[in-house]
Each structure stands twice: as structure tokens, then as C-alpha cells.
> 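Next up is a structure, given as C-alpha cells.
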Amino acid sequence: MRKKFKMRLPVWGKMIIVFGIVSVMFSAAFLLKDTTIISKYKYFLWKKVNNIFYDSDRHGGDHGKIVESDNIKDIQKKVPIYIQTPKWLPEGFELDYAEYIEDIPDEYNITLKYVKDEDKYFGIRISTLTKVDKHGYMVPFEELDVNGYEVLLVESEINCSADYMNRQNFHVGISGGISKEELIKIIESME
């Protein structure tokens, strides 16, 4: 009887396969960025890809624990920075959850998700980990001045997003199924 031969891939071979899979995911997301199925799961995919490329050496190998709450005040009590929230929301939208990554010293990444229904939502991300760089944009964008903020705005048929540095010099990103006018009103109401 013949023995079955099992081929084992070396580490570099596995890395090439992972790189290929990630490349296909990014290509599909870019080509299908305006379709409902991609936009619906964009945040989920972003989190998964972000975990693959997270700089674990920078934080001693600790990704930090994600703390989630349905009340912004609970999160505000746990972080020493002021969390800007919109005082105006488009009709029917309400806070679904707020989250932040705990146990990463002096760095904060806070996400607020607002929903109207299953297909209508937007998120606000406040981060000390990133900066706004208009030279890093790979899509056409519009530069606006909103309440003294230099806002970079990207608009598609189903999604609108904006990035700016707030007065605390933190990166604020807002993105979701809202109109340009609604997005500008949200930024104007951020306190």
C-alpha cells in the first residue's frame, strides 16, 4: 500500500497565500464599493483586516480589549479625553453602541455607531492613532471648511464620508449611508 504524501508549506508560502487572499478582498471591496452588500459589511471587514495588520509590537503584543456600551457616558467615564458627539442627528437615527479599545496607554480609538434601520447607519470614529492626510486618499475628494475644520469629504451614491482633525488634534472620521448635507450638519453640531 502506498503512503499518502502530505505537502507542508513553508512559512513564506503561507504568507504569500494570506497576501493573495487579502489582495482579493481589497480588490473586491474597491470594485464593489458602491454595492449594498459591500457597504453593509464594510465596517465588519475593516475590523477584520485591521486586526491582521495591527502593529502589535508597538503595544507590547497587546491589541487591547474592546469595551462596548449603549451609553456614551459609560465610555466617557473610562477615557481621559472628551468624546465629541453630534447634537443633531438625521431624523430617526439613534445611538446603537459606543466602543473603545482599552489597555493601550495614551492612545484612544473610539467608535460611535448610529442606526435608523438595518440598512441605514453611520459611524463616527475619534482616534489619537491616526492623522488626516489628503495625499493618502485614493479617491476624489472635496475640501470644505466646516466650523473652522478642514474637512475632506468623499461622496458616492449610497455613502458619504468625511475626515478632519478636531480642536483636540484628534482624527474624526464620519461615514455611512447619509447625505452630504446631513454629514455637514452632523459636523456643525459636533460638541
> How about L95 and I72: do any of their side-chain heavy atoms sit closer than 4.5 Å?
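Yes, side chains in contact.
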> Measure the spacing between CD1 of I75 and CD1 of I126 and express it to the nearest 0.5 Å.
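I75 atom CD1 to I126 atom CD1 measures 11.5 Å (nearest 0.5 Å).
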> Rounded to the nearest 0.5 Å, what's the gap from OG on S189 to CG on N147? Could you check?
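It comes to 9.0 Å.
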> So T128 and N109, do their side chains get closer than 4.5 Å, heavy atoms only?
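They are not in contact (no side-chain heavy atoms under 4.5 Å apart), so the answer is no.
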> Between R167 and Y82, is NZ or CZ placed under 6.0 angstrom from the six-membered ring centre and within 45° of the ring axis?
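The answer is no, since R167 fails at least one limit relative to Y82.
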> If we ignore angles and hydrogens, is there a donor and acceptor under 3.5 Å between the side chains of T85 and K87?
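Yes.
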> Can V132 be reached from I110 by stepping across I, L, V, M, F, W or Y side chains whose heavy atoms are under 4.5 Å apart?
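No, it is not one cluster - the side chains of I110 and V132 are not joined through contacts under 4.5 Å.
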> Would L112 and Y97 show up in the same hydrophobic cluster when neighbours are defined by side-chain heavy atoms closer than 4.5 Å?
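Hydrophobic grouping puts L112 apart from Y97.
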> Side chains of C160 and L153: closer than 4.5 Å at any heavy-atom pair?
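C160 vs L153: side chains touch.
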> Going through the checks in order, is the side chain to side chain contact (heavy atoms under 4.5 Å, CB included) test met by V151 and D163?
CA-CA 6 Å; V151 177; D163 290 292; over 6 Å; no
> Starting at CD1 of I158, measure out to OG of S179 and round the result to the nearest 0.5 Å.
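It is 14.0 Å, given to the nearest 0.5 Å.
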> Examine F93 together with Y114 and report whether their ring centres are nearer than 6.0 Å.
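So the answer is no for these two rings.
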> Got a donor-acceptor contact below 3.5 angstrom from the D145 side chain to the E150 backbone?
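Not a single qualifying donor-acceptor pair exists.
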> What distance separates I124 CD1 from I83 CD1, expressed to the nearest 0.5 Å?
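Here the rounded value is 11.0 Å.
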> Would you give the length of the straight line joining atom OG of S175 to atom CG of L183, rounded to the nearest 0.5 angstrom?
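Result: 8.5 Å between the selected atoms.
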> What distance separates E107 CD from I81 CD1, expressed to the nearest 0.5 Å?
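Nearest 0.5 Å value for the CD-CD1 distance: 11.0 Å.
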> State whether E142 and K180 are salt-bridged, where the test is any N-O pair (Lys NZ or Arg NE/NH1/NH2 against Asp/Glu carboxylate O) under 4.0 Å.
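Judged by the 4.0 Å cut-off on N to carboxylate O distance, E142 and K180 do form a salt bridge.
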> Does the side chain of Y164 come within less than 4.5 Å of M190's, by heavy atoms?
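Result yes, sub-4.5 Å side-chain heavy-atom pair found.
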> Decide side chain to side chain contact (heavy atoms under 4.5 Å, CB included) for Q84 and V172; before the verdict, give the C-alpha distance in whole Å, the side-chain angles of both, and the deciding distance to 0.1 Å.
CA-CA 9 Å; Q84 282 187 302; V172 178; 4.0 Å; yes
> Please check if Y121 and W88 belong to a single hydrophobic cluster, counting links between Ile, Leu, Val, Met, Phe, Trp and Tyr side chain heavy atoms closer than 4.5 Å.
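Y121 does not cluster with W88.
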> Any side-chain to backbone donor/acceptor pair from N166 onto Q168? Under 3.5 Å, distance only.
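Between the backbone of Q168 and the side chain of N166 there is a qualifying donor-acceptor contact (under 3.5 Å).
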> Is there a path of hydrophobic side-chain contacts, each under 4.5 Å between heavy atoms of I, L, V, M, F, W or Y residues, that connects L89 with I174?
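Yes, one cluster joins them.
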> Would a 4.5 Å heavy-atom cut-off, applied to side chains only, mark Y100 and V79 as touching?
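The answer is yes; the side chains approach within 4.5 Å.
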> For E91, is there any backbone N or O sitting under 3.5 Å from a side-chain donor or acceptor partner on E182?
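Not at all, since once roles are kept as given, no pair shorter than 3.5 Å links the two residues.
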> Should F141 and I186 be counted in the same cluster of Ile, Leu, Val, Met, Phe, Trp and Tyr side chains packed under 4.5 Å apart?
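Different hydrophobic clusters.
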> Between F122 and K113, is there a cation-pi geometry (under 6.0 Å to ring centre, at most 45° from the normal)?
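No, a cation-pi geometry is absent between K113 and F122.
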> If every non-hydrogen atom of I178 is compared with every non-hydrogen atom of P90, which pair is closest and at what distance?
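In terms of heavy atoms, the two residues are closest at CG2-CG, 4.3 Å.
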> Write down the atom of V67, the atom of K78, and the distance for their closest heavy-atom approach.
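Result for this residue pair: CG1-CD, 4.3 Å.
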